[in-house]
Amino acid sequence: MALDLDTDRIHRLLHDGARDKIYPGAVWAVGDSRGTRASGSTGVLDPERPDEPMRSDTVFDVASLTKILAVWSSIGCLVEAGKLQLDTRLGDLWSEVSGHPLAQATARRLLTHTAGLPLRANLKNLYGTDQQDVRDGVLREALHRPPGEAVEYTDRAALILGYLAEHLSGQRLDALAAERVWRPLDMAQTCFGPLSPDVAARCAPTELDDGTGTHLKGIAHDFSARLLDGVCGIAGAFSVLEDLAAFLRYLLDPNRLNASPGFGADWIKESLQLHTGELNPPRGLFWHPAPGTTSEADDVWVHYGFTGTGMWLSPRKDRWAALLTNKLYYSRDREPLTRVRNEFRSLAFA
C-alpha cells in the first residue's frame, strides 16, 4: 500500500529551495519497512556545471550522519556482543582514560550529550596535528561540567565513542563499521573518504576551500575528519540515498532475514526513547525527537549533518525519510535549510 504522501508539495518545496539558492540540489526519499515508497531529486550537482542535474545516485559528504552510520551502529554492535555496558564508568574499562576526568563518564552519557565534555572540537589549536597527540589530548582533557548536569551537543562525544569502539573491537572505525554494519546491509557505496577520483566525480561539492580555491569534493568538509586522515567519529563518511534507505529500512524491520549487522531490535528500541529525564533538549541515544514533535505523541526521531543532510525515523508510523543536500556550497547560514527540513519532515510524516 502506498504511503499517503503529498509528493507534489515535497517536489515544490525542494525545487524552491534550489531556486532560492539554499542548496544547489537535493535528493530525497520516504519509505517504510518494506522499502522506498517515494523519492526524487532537484537542482544541479554543481552550479559551475549547470547542465549536470542532481541525481539519485549522487554521493554526499554526510557529515554528522557519520555519528549514526558508523559510531552509534558500531557501539550498538559492541553492546549487543556483551563487550560494552552503557553505564560502566569509562575509567573501569579503558586504561587510556583511567585517572583522567573522562574516567567518570559513561557511554550512555556520551550518547546523550550529557558527559560534560568541552563544547568545541578545536583539535588542531589545542593538540596540534599529530594523531596520537590529538587522541591523548581529547581523552585527557578536563570536563566542561560534571556529567549528567546538562544536555550540550558536542562533536567530542562521537569522537570519543569512536575511539572507544576501536579500543574494544581492535579495529579502526572504518573497518569496524564496514564489516559489522555497511556490508551486511549491502551499503556498498558508504565509506569514509577521501574518495577515489572516479567516485569523487559524482560527489556533491561542499564548501569553498580557501587553500585551493575550489569547492571540496570527495574530501570531508569537517576539519577534524581531515585532520584525522578522513576517519573519525565526528564526520568523514560519504554515502548515497539508496544506502541510507537500506539502513533506515533495517531500523524499522531488524528481523529481516537477509540483513544481519551486529546490532538489532534491542539496540534500536533502547536508542529511540528518552534518556535525559527532565533535562532539555530531550535526547535518545544520539537520535533526538524531531523539532516540532514530541517523542511520546509523534515518535519521529532525527539526526542531521552540517553539510545539509538529514534522516528521520518513526517506528510507530513505520516510516523513514532522508533528505540530502549540499547547502554548504552557498552558505553556513542554518536558518533557511532548517525551514526546509522542518517542512519536509511534516510532509513526510503527515
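This chain uses plain numbering: 1 for the first residue, then up along the sequence. All values derive from a computational prediction rather than experimental measurement.
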Measure the shortest side-chain to side-chain distance between Q131 and D229 over non-hydrogen atoms and say whether it is less than 4.5 angstrom.
yes
Is there side-chain contact between L90 and Q104, with heavy atoms separated by less than 4.5 Å?
no
Between D298 and K317, is there a side-chain N and carboxylate O pair less than 4.0 Å apart?
no
Give a yes or no on whether a salt bridge exists between E96 and R140, defined as a side-chain N under 4.0 angstrom from a carboxylate O.
no
Test item: D61 side-chain N/O and H221 main-chain N/O as donor-acceptor pair under 3.5 Å:
yes
Check the hydrophobic clustering (I, L, V, M, F, W, Y; side-chain heavy atoms under 4.5 Å; chains of links allowed) and say if L228 and V138 are grouped together.
yes
Strictly distance-based, threshold 3.5 Å: is any side-chain N or O of N326 a donor or acceptor partner for the main-chain N or O of Y329?
no
Using modelled atom types and a 3.5 Å cut-off, is there a donor and acceptor pairing between side-chain atoms of T66 and backbone atoms of A237?
yes
Could you tell me if the side chain of Y330 sits less than 4.5 Å from the side chain of P47, heavy atoms only?
yes
Contact check, side chains of W182 and L69, non-hydrogen atoms, under 4.5 Å
yes
Report yes or no: does K327 contribute a side-chain atom to a donor-acceptor pair with the main-chain N or O of S331 at less than 3.5 Å?
yes
Given the rule that I, L, V, M, F, W and Y join up when any side-chain heavy atoms are under 4.5 Å apart, are L78 and L93 in one cluster?
yes
Testing V302, D299, L252 for side-chain contact (heavy atoms from CB on, under 4.5 Å) with L313, which one passes?
L252
W72 and W287 aromatic ring geometry - parallel, tilted or perpendicular at 30°/60° bounds
perpendicular
With a 4.5 Å heavy-atom cut-off, do E141 and R156 have their side chains touching?
yes
Can you tell me if CD on E166 sees more than 12 non-hydrogen neighbours from other groups inside 6.0 Å?
yes
Taking side chain as C-beta onward, heavy atoms only, is L102 less than 4.5 Å from I160?
yes
Minimum heavy-atom separation for G292 and R345, please, with both atom names.
CA-NH2, 4.1 Å
Lys/Arg N to Asp/Glu carboxylate O, E335 vs R339, below 4.0 Å
yes
Between S314 and W301, is any side-chain donor less than 3.5 angstrom from a side-chain acceptor?
no
Atom CZ of R334: over 12 foreign heavy atoms under 6.0 Å:
no
Is the backbone N or O of T206 less than 3.5 Å from a side-chain atom of H215, with the two atoms forming a donor-acceptor pair by type?
yes
Of all heavy-atom pairs linking A225 and C232, the shortest is CA-SG, 3.8 Å
Would you give me the side-chain donor-acceptor pairs under 3.5 Å for residues 14-31, sequence neighbours excluded?
{"from": "D16", "atom 1": "OD1", "to": "R19", "atom 2": "NH1", "distance (Å)": "3.4"}
{"from": "Y23", "atom 1": "OH", "to": "L14", "atom 2": "O", "distance (Å)": "2.8"}

Determine the minimum heavy-atom distance between G230 and F192, stating which atoms define it.
O-CD2, 3.2 Å
How far apart are the closest heavy atoms of L248 and A321, and which atoms are they?
CD1-O, 3.8 Å
Residue from L324, L65, V62 passing side-chain contact (heavy atoms from CB on, under 4.5 Å) with M311
L65
When you look at CZ of R120, are more than 12 heavy atoms from neighbouring residues, nucleotides or ligands closer to it than 6.0 Å?
no
Show me the donor-acceptor pairs, under 3.5 Å and distance only, between side chains in residues 81-88 and residues at least two apart or in other chains.
{"from": "Q85", "atom 1": "NE2", "to": "G82", "atom 2": "O", "distance (Å)": "3.4"}
{"from": "D87", "atom 1": "OD1", "to": "R108", "atom 2": "NE", "distance (Å)": "2.7"}
{"from": "D87", "atom 1": "OD2", "to": "R108", "atom 2": "NE", "distance (Å)": "3.4"}
{"from": "D87", "atom 1": "OD2", "to": "R108", "atom 2": "NH2", "distance (Å)": "2.9"}

Determine whether the aromatic ring centres of residues Y163 and W94 are separated by less than 6.0 angstrom.
no
Using only atom types and a distance under 3.5 Å, with no angle test, would you say the side chain of R109 pairs donor to acceptor with the backbone of P147?
no
For the pair R249 (side chain) and S33 (backbone), establish whether a donor and an acceptor sit closer than 3.5 Å, ignoring hydrogens and angles.
yes
When you compare the side chains of H113 and E152, does any donor N or O come within less than 3.5 Å of an acceptor on the partner?
no
Does the gap between the ring centers of Y250 and F263 come in under 6.0 Å?
yes
Check: G35 main-chain N/O paired with D32 side-chain donor or acceptor under 3.5 Å:
yes
Ignoring hydrogens and geometry, is there a side-chain-to-backbone donor-acceptor pair from T58 to C203 under 3.5 Å?
no
Heavy-atom side-chain contact between I75 and F286 under 4.5 Å:
no
Please check: side-chain N/O of R183 versus main-chain N/O of A188, any donor-acceptor pairing under 3.5 Å?
no
Does one side chain, of T190 or D243, offer a donor that lies under 3.5 Å from an acceptor on the other?
yes
